[in-house]
Peer 1: 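Let me give you the structure first, and then I'll get to my questions.
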Amino acid sequence: MKCRHCGNERFIPFADLQNCPPSNAMLTTAMLDAPEVYYPLVVAVCDVCFLAQVGEHKSAAEIFDSDYTYFSSFSRSWLDHAERFAAMAVERFGLGPSSQVVEVASNDGYLLQYFQARGIPVQGVDPTANTAEAAAAKGIPTIVDFFGKQLAEEQLAARADLIVGNNVFAHVPDINDFTAGLKAALAPDGVISLEFPHLLRLIDEAQFDTIYHEHFSYLSLAATEAIFNSQGLKVFDVEQLPTHGGSLRVFGAHADDVSKGRSNRIDDVLAEEEEAGLRGRTVYENFQPRIDRIRADFVSFLLEQRAAGKTVAGYGAAAKGNTLLNYCGVKGNELVRFVADASPHKQGRWLPGSHIPVVAPDRIYAEKPDFIIIFPWNLRDEIVAQLADARSWGAKFVTAIPELQIL
Ligand SMILES: [Zn+2]
């Protein structure tokens with residue numbers, strides 16, 4: 001294994017989740033009869049540049065096949081987040097009808113629609129054909145391909161006044177080539193805005209279920225700044241966001257763009273990372289015992305409920321739940337009867353590895369489970385509010401991370 005950024009071959013151990021199938025690959029009923037491929041899921045930290053990363057065992061083309069089922073527009077809180085971002089960016093960066101906004105991993109146009117509504121030309125880039133079709137239905141043009149240096153040079157050359165990448169930077173296998181693509185697509189005084197989960201929050205809150213094969217990098221601001229600098233870019237501002245359990249929004253520009261001074265907020269976050277020990281070994285080496293304790297508590301809870309004759313269901317068929325269930329070795333629907341999800345693209349399918357059925361939320365009201373595990377704990381309040389009627393038969397809500405909580 002070589003560091004994806006600097007090529008170094010020495011790593012600090014961080015999290016070993018053993019073998020898991022890809023977390024985003026929901027299974028069809030026919031697929032249950034076929035063998036399922038498991039890959040090692042191990043995160044280690046480069047001991048030179050401190051980029052935390054998973055080993056690559058699966059090609060990007062396999063992960064983002066045409067059957068990929070995540071549509072961003074099914075989360076109301078995420079749409080609200082996107083709308084607020086668009087309003088802020090238009091104001092702060094003075095965007096108008098002669099500007100060009102590019103989004104990498106534009107999905108179904110959940111974000112670009114808010115720029116377009118303000119009369120600003122937009123261009124999406126996304127390798128997934130069926131989400132790009134949903135974007136086209138909103139009138140949002142999408143280049144259906146993987147973003148990188150070559151695509152940026154050929155199709156976007158220095159045109160973008162704003163390039164947005166939300167939850168994509170950590171998901172690209174070749175992070176240097178992706179960053180070179182940002183550089184190539186960016187107008188001389190343009191702005192890059194990237195959002196990704198902050199490694200510091202992952203560690204603080206034991207969010208090991210955010211680890212999955214398609215999530216190649218676990219980023220600190222320090223590592224991000226090093227990657228930007230290596231490609232002729234600079235970070236000029238950063239915000240800390242509550243999304244996905246705690247994210248960074250990093251603003252970048254060309255390294256020689258003197259119109260953008262360095263915000264003090266950068267040094268504040270860097271100091272916080274330094275203080276937490278992200279540039280040492282101990283903080284990483286101490287992580288595995290914490291996730292093993294979470295596994296023990298979660299499995300004990302499920303076994304206790306079965307022994308007591310109680311029923312347990314889940315809500316939210318997202319990658320997080322799959323990492324948790326597979327690491328905990330949950331198989332079949334004996335311990336978790338089903339997982340409900342509002343997305344019709346997921347209903348009727350099965351979770352990878354555990355083979356728990358994914359059903360419509362109605363099933364919760366039909367079967368009245370005693371406990372409902374909320375797998376996307378980052379959307380906990382939104383989901384508890386949506387399912388408030390389940391309190392009428394005494395159902396309790398459960399989250400497993402950072403520790404088992406019954407709400
Ligand atoms: Zn490195």
Side-chain angles (χ1 to χ4, degrees), residues 1-17 39-60 63 104 146-150 152 165 167-184 192 194-204 207-208 210-236 238 246-252 255 262 266-267 269-288 291:
M1 182 169 168
K2 277 190 175 159
C3 172
R4 289 204 172 79
H5 172 54
C6 75
N8 165 51
E9 293 180 6
R10 289 189 321 267
F11 287 86
I12 306 161
F14 179 33
D16 183 352
L17 304 182
Y39 301 86
L41 183 52
V42 179
V43 182
V45 181
C46 172
D47 81 350
V48 173
C49 73
F50 292 95
L51 178 64
Q53 51 201 286
V54 296
E56 188 182 352
H57 299 282
K58 197 167 160 56
S59 76
I63 294 165
V104 182
F146 289 96
F147 180 83
K149 188 174 182 218
Q150 192 185 346
N167 298 305
V168 60
F169 195 52
H171 291 74
V172 292
D174 189 345
I175 201 162
N176 291 338
D177 180 74
F178 183 92
T179 310
L182 297 174
K183 169 87 179 165
I192 297 162
L194 301 180
E195 291 179 24
F196 48 79
H198 192 185
L199 175 64
L200 187 58
R201 297 278 92 77
L202 189 165
I203 291 172
D204 277 353
Q207 299 166 351
F208 78 91
T210 64
I211 295 171
Y212 49 95
H213 298 101
E214 301 89 327
H215 187 178
F216 292 105
S217 304
Y218 301 81
L219 293 152
S220 62
L221 181 59
T224 302
E225 195 170 36
I227 295 165
F228 267 48
N229 293 346
S230 76
Q231 303 299 327
L233 295 167
K234 66 177 178 184
V235 174
F236 68 88
V238 64
S247 294
L248 292 180
R249 177 186 286 154
V250 168
F251 293 105
R262 185 181 166 94
I266 297 171
D267 290 327
V269 175
L270 291 176
E272 218 185 308
E273 291 180 351
E274 186 71 39
E275 200 173 318
L278 295 196
R279 296 184 72 80
R281 297 184 70 90
T282 318
V283 70
Y284 303 111
E285 289 168 345
N286 288 345
F287 195 66
Q288 187 78 35
I291 67 182

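Reckoned from all heavy atoms, side chains included, excluding hydrogens, waters and symmetry mates. Read the numbers this way: they start at 1 and go in the same order the structure lists the ligands and their atoms.
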Peer 1: Between CD1 of Ile175 and CG of Leu51, what distance do you get to the nearest 0.5 Å?
Peer 2: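 If we round to the nearest 0.5 Å, Ile175:CD1 and Leu51:CG are 6.0 Å apart.
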Peer 1: With rounding to the nearest 0.5 angstrom, report the CG to CG distance, Leu221 to Leu248.
Peer 2: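 It comes to 6.0 Å.
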Peer 1: Just checking, any donor-acceptor pair under 3.5 angstrom between side chains of Gln53 and His5?
Peer 2: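 Checked: Gln53/His5 side chains show no N/O donor-acceptor pair below 3.5 Å.
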Peer 1: Quick check: does any side chain N or O of Gln231 sit under 3.5 Å from a backbone N or O of Lys183, one acting as donor and the other as acceptor?
Peer 2: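 Looks like no, no N/O pair under 3.5 Å.
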Peer 1: Using modelled atom types only, decide if a donor and an acceptor are shared between the side chain of Arg4 and the backbone of Val54 within a distance under 3.5 Å.
Peer 2: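 It does hold such a pair.
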Peer 1: So what's near the Zn ion (ligand 1), protein N, O or S atoms under 2.8 Å?
Peer 2: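 Near the Zn ion (ligand 1), below 2.8 Å, one finds Cys3 SG, Cys6 SG, Cys46 SG, Cys49 SG.
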Peer 1: Got a donor-acceptor contact below 3.5 angstrom from the Asp177 side chain to the Lys149 backbone?
Peer 2: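 A pair under 3.5 Å: yes.
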